[in-house]
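Structure record follows, encoded as structure tokens.
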Protein chains: 2
Amino acid sequence: MTDTRKYTVEEVTQQLGITARTLHYYEEVGLLPDVSRTEGRHRLYCESMLARTRHILKLKQVLGASLQEIRDILQAEEELDRLKASYYEEPHTEEERDALLDEATRRLENILGHIDEKMEKLRTLRDGFSERLARANALKRSPRA
Amino acid sequence: MTDTRKYTVEEVTQQLGITARTLHYYEEVGLLPDVSRTEGRHRLYCESMLARTRHILKLKQVLGASLQEIRDILQAEEELDRLKASYYEEPHTEEERDALLDEATRRLENILGHIDEKMEKLRTLRDGFSERLARANALKRSPRA
DNA sequence: CCAAAATCTAACGTTAACGTAAGCTTCAAA
DNA sequence: TTTGAAGCTTACGTTAACGTTAGATTTTGG
């Protein structure tokens with residue numbers, strides 16, 4: 001059952017390029033709940049925990065999101081996961097399921113909207129620098145007055 | 001000559017959605033040097049100062065850059081501007097001009113590289129969320145087991 | 001000219017996201 | 001079994017990027 005490989009703190013910090021303090025802190029603020037432990041209370045990270053941490057780091061670096069915002073995003077994702085897991089298993093009325101699905105997709109669309117906004121702004125920013133570079137190169141290629 | 005319109009602190013904060021403290025701080029750390037003043041030492045922002053501040057805010061919000069990094073970027077841009085302004089006016093040897101141009105374009109390319117990296121990461125992040133949304137919508141459209 | 005509103009400088013406060021140090025415990029290899 | 005490396009918890013320290021008074025000065029509308 002639980003034969004998924006486990007990683008020690010040092011292995012995780014090596015693989016992800018972060019410090020132990022960061023891992024502890026993420027756990028402290030609720031970004032990494034339920035990290036398993038050895039008998040002597042040393043942490044052991046499973047694959048999914050590693051993936052979750054990677055996801056957090058990506059959200060942070062790429063979106064520039066705060067840990068609070070990241071928690072919200074992770075919550076939305078989990079809500080969707082739980083919903084999908086229980087979709088055919090637990091008893092729901094049509095209305096309940098529709099409402100849950102709507103809420104989940106609404107959040108996902110919200111996140112996607114933020115990302116798209118950010119990409120658009122990045123594009124215009126890029127264009128500005130690209131234009132400057134083009135003009136600099138034009139100067140290079142017309143070497144005399 | 002100097003008939004370009006000037007803006008008071010409050011006008012700037014209104015237009016840009018930032019506080020006076022932020023303006024002062026940016027000046028303090030060298031992001032907004034040479035802000036003109038009235039006789040009584042009250043600040044007056046000209047158009048180019050406004051544009052510069054907008055640029056700073058964009059770099060911050062979109063790139064997620066620190067003020068330190070932003071200062072580096074602005075410096076690179078200014079260097080390029082100065083170079084272009086003096087390109088035909090001041091006396092330079094071929095080597096000097098080439099070296100300056102090379103350095104400036106190198107920095108611009110460096111910035112562009114960072115932006116491209118960021119856009120690529122954003123794209124993959126977006127794809128992930130997009131896929132999740134698609135699966136949620138698929139659930140919606142297949143309402144029964 | 002005068003009172004209210006806007007600005008100034010200077011200085012201390014705040015928050016997020018960790019860093020760092022201390023003292024103790026656990027793990028692993030010889 | 002020992003012992004040095006790795007981990008644990010607790011708690012105080014740090015840095016960036018402003019926020020927030022406070023008290024004096026300036027500007028401006030009436």
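Proteins get letters first, then strands, A, B, ... in listed order; numbering begins at 1 in each. Keep in mind that this is a model prediction, so the values were computed, not measured. Computation of the quantities below employed the complete heavy-atom set of this structure, encompassing side-chain atoms and omitting hydrogens, waters and symmetry-equivalent molecules.
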Next item on the list: Could you pull out the closest heavy-atom pair between Leu80(B) and Ala104(B), with the gap in Å?
Entry: CD1-CB, 3.4 Å

Margin query: If I compare all heavy atoms of Glu77(B) with all of Arg132(A), which pair ends up nearest, and what's the gap?
Written below: O-NH2, 3.3 Å

Check: With distance as the sole test, does Glu11(B) use its side chain to make a donor-acceptor pair with the main-chain N or O of Thr8(B) at under 3.5 Å?
Finding: yes

Check: Can a side chain N or O of His24(A) be found less than 4.0 Å away from OP1 or OP2 on dC18(C)?
Finding: no

Check: When you measure from the side chain of Ser36(A) to the backbone N and O of Leu44(A), does any donor-acceptor pair fall under 3.5 Å?
Finding: yes

Margin query: Can you measure Glu27(A) atom CD to dG7(D) atom P for me and round it to whole angstrom units?
Written below: 14 Å

Check: Between Thr22(B) (side chain) and Ile18(B) (backbone), is there a donor-acceptor pair under 3.5 Å?
Finding: no

Check: Which parts of residues 36-56 of chain B get close to DNA chain D, meaning a heavy atom less than 4.0 angstrom away?
Finding: Thr38(B), Gly40(B), His42(B)

Next item on the list: Check for a donor-acceptor pair, side chain of Glu120(A) on one end and backbone N or O of Glu117(A) on the other, with a separation under 3.5 Å.
Entry: no

Next item on the list: Specify the closest pair of heavy atoms between Arg71(B) and Leu31(B), including all atoms of both residues, with the distance to one decimal.
Entry: CG-CD2, 3.3 Å

Please produce a list of atom pairs where a protein N or O lies less than 3.5 Å from an N or O of nucleotides 16-18 of chain D.
unit_1: dA17(D); atom_1: OP1; unit_2: Leu67(B); atom_2: N; d: 3.0
unit_1: dC18(D); atom_1: OP2; unit_2: Tyr26(B); atom_2: OH; d: 2.8

Note to self: Taking salt bridge (Lys or Arg N to Asp or Glu O under 4.0 Å) as the cut-off, I'd like each qualifying pair that reaches into residues 41-50 of chain A, sequence neighbours left out, listed once.
What the structure shows: Glu27(A)-Arg43(A)

Next item on the list: Figure out the CD/P separation between Glu10(B) and dT28(D), and round it to whole Å.
Entry: 12 Å

Next item on the list: Starting at atom CD of Glu28(A), determine the distance to atom C1' of dT10(D), rounded to an integer number of angstrom.
Entry: 10 Å

